[in-house]
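Heavy-atom basis, side chains included; hydrogens, waters and symmetry copies ignored.
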Amino acid sequence: MCYNGKLYHENAGTLHNGVERIHDYSSQKLNSIIENQANLFASHFLLPSEAFANSLLSTSLDYYMDLKKHWKVSIQAMIYKTFSLNLINEDQKLYLNKKISWNNWRTKEPYDDEMPLEKPIQMKQVYQMIVDNDVVSRNELNVSFQLPRNELEKIIGVSISGPDDENQSPILKLIK
């Protein structure tokens, strides 16, 4: 594909399609392959290829800082995406990553403290719609997620206990 006059490719296929048998790789090599594929998978959601490529007018760290305000992802993620689109080569990626290390941006980048943390709202709305319209019971829905209650509440952004939970608590009697 071509964007902004530059050619690039995207890895096509299914996730982990290069890993045919886990026994063919050392655990370190396998972890590296899976981690790279997971990063690529995430980058497709966070930075859609065509839109991101069209917004990339420069590959300087200063420009990536400006882009961070728009895309709301880390500079390191944008560099990874730029490389995965073949818009920079290995040497350019290495140079940018060294600059990030030199600036001590590995764990905290510019604007991290200024950008508000986004909270999901559609999950909460969909959850409430399912419960309010009696599509399934609250308890059945909660169980179907197969997640601990506290994790589910973090994801949805609402307390998930309700009347159904009261009916599900065990009743204990002392038998003599």
Side-chain angles (χ1 to χ4, degrees), residues 1-19 29-132 141 145-160:
M1 298 183 139
C2 180
Y3 297 109
N4 291 337
K6 299 178 182 179
L7 293 173
Y8 77 92
H9 78 279
E10 291 182 299
N11 295 340
T14 60
L15 193 59
H16 311 312
N17 66 341
V19 182
K29 177 72 174 168
L30 182 62
N31 287 341
S32 175
I33 291 169
I34 291 173
E35 182 177 352
N36 286 336
Q37 291 177 348
N39 287 337
L40 184 62
F41 180 76
S43 79
H44 287 301
F45 286 107
L46 297 172
L47 300 163
S49 298
E50 184 174 357
F52 177 71
N54 287 333
S55 71
L56 190 66
L57 303 177
S58 170
T59 57
S60 71
L61 279 184
D62 289 335
Y63 192 72
Y64 280 115
M65 285 171 47
D66 288 339
L67 280 180
K68 181 174 180 163
K69 294 175 194 174
H70 172 74
W71 287 104
K72 296 177 174 62
V73 298
S74 73
I75 294 169
Q76 295 170 75
M78 289 185 284
I79 291 169
Y80 179 87
K81 182 67 173 191
T82 306
F83 178 73
S84 74
L85 295 173
N86 284 335
L87 297 174
I88 59 173
N89 62 32
E90 186 75 41
D91 290 337
Q92 291 167 308
K93 181 180 98 169
L94 181 62
Y95 170 78
L96 290 167
N97 282 318
K98 284 183 178 183
K99 293 276 287 188
I100 286 171
S101 293
W102 176 261
N103 291 331
N104 294 317
W105 292 353
R106 283 281 162 219
T107 56
K108 186 174 180 180
E109 293 183 351
Y111 308 121
D112 281 352
D113 294 334
E114 299 169 26
M115 297 171 66
L117 189 60
E118 292 185 11
K119 296 185 178 181
I121 57 171
Q122 287 189 325
M123 278 289 273
K124 180 179 178 179
Q125 292 170 340
V126 169
Y127 180 89
Q128 279 307 136
M129 191 171 18
I130 291 170
V131 171
D132 293 347
L141 183 58
F145 284 110
Q146 298 182 356
L147 291 169
R149 174 172 286 163
N150 63 334
E151 291 298 317
L152 187 55
E153 288 178 344
K154 286 179 196 175
I155 293 168
I156 295 173
V158 67
S159 175
I160 60 170

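Within 6.0 Å of the CD atom in Gln122, the count of heavy atoms belonging to other residues, nucleotides or ligands does not exceed 12. Heavy-atom neighbours of Tyr63 OH from other residues, nucleotides or ligands within 6.0 Å: above the threshold of 12.
Nearest heavy-atom pair across Ile88 and Thr59 is CG2-CG2, 3.6 Å. Nearest heavy atom pair, residue Lys69 against residue Lys72, reads O-NZ, 3.7 Å. Of all non-hydrogen atoms in Ile156 and Tyr127, the two that sit nearest each other are CD1-CD1, 3.5 Å. Annotation for Ala53 and Leu87: closest pair CB-CD1, 4.1 Å, computed over non-hydrogen atoms. Closest of all the heavy-atom pairs between Val73 and Leu47 is CG2-CD2, 3.7 Å. Residues Met65 and Ile75 approach most closely at CG-CD1, 3.6 Å, considering heavy atoms.
Atom OG of Ser74 is separated from atom NZ of Lys108 by 15.0 Å, given to the nearest 0.5 angstrom. Between the OG atom in Ser159 and the CG atom in Leu152 there is a gap of 10.0 Å [rounded to 0.5 Å].
Remark: side-chain polar atoms of Gln128 are not paired, donor with acceptor, to backbone N or O of Gln125 under 3.5 angstrom. Of the possible donor and acceptor atoms, none in the side chain of Glu109 sits under 3.5 Å from a partner among the backbone N and O of Ile100.
Side-chain contact between Trp105 and Leu61 is present, with at least one heavy-atom pair separated by less than 4.5 Å. Using a 4.5 Å cut-off on side-chain heavy atoms (C-beta onward), Phe52 and Thr82 make contact. Contact of the Tyr64 side chain with the Pro110 side chain is not registered, since no non-hydrogen atoms from C-beta on lie closer than 4.5 Å. Two residues are said to be in side-chain contact when any heavy atoms from C-beta on lie closer than 4.5 Å; Leu56 and Met78 fail this criterion. Residues Asn97 and Arg106 are in side-chain contact: their nearest non-hydrogen atoms beyond the backbone lie under 4.5 Å apart. With contacts defined as side-chain heavy-atom distances shorter than 4.5 Å, the pair His44/Lys81 qualifies. Residues Tyr80 and Lys93 form no side-chain contact, since every pair of their non-hydrogen atoms from C-beta on lies 4.5 Å or further apart.
Geometrically, Lys68 does not engage Tyr111 in a cation-pi contact defined by less than 6.0 Å to the ring centre and at most 45° from the axis.
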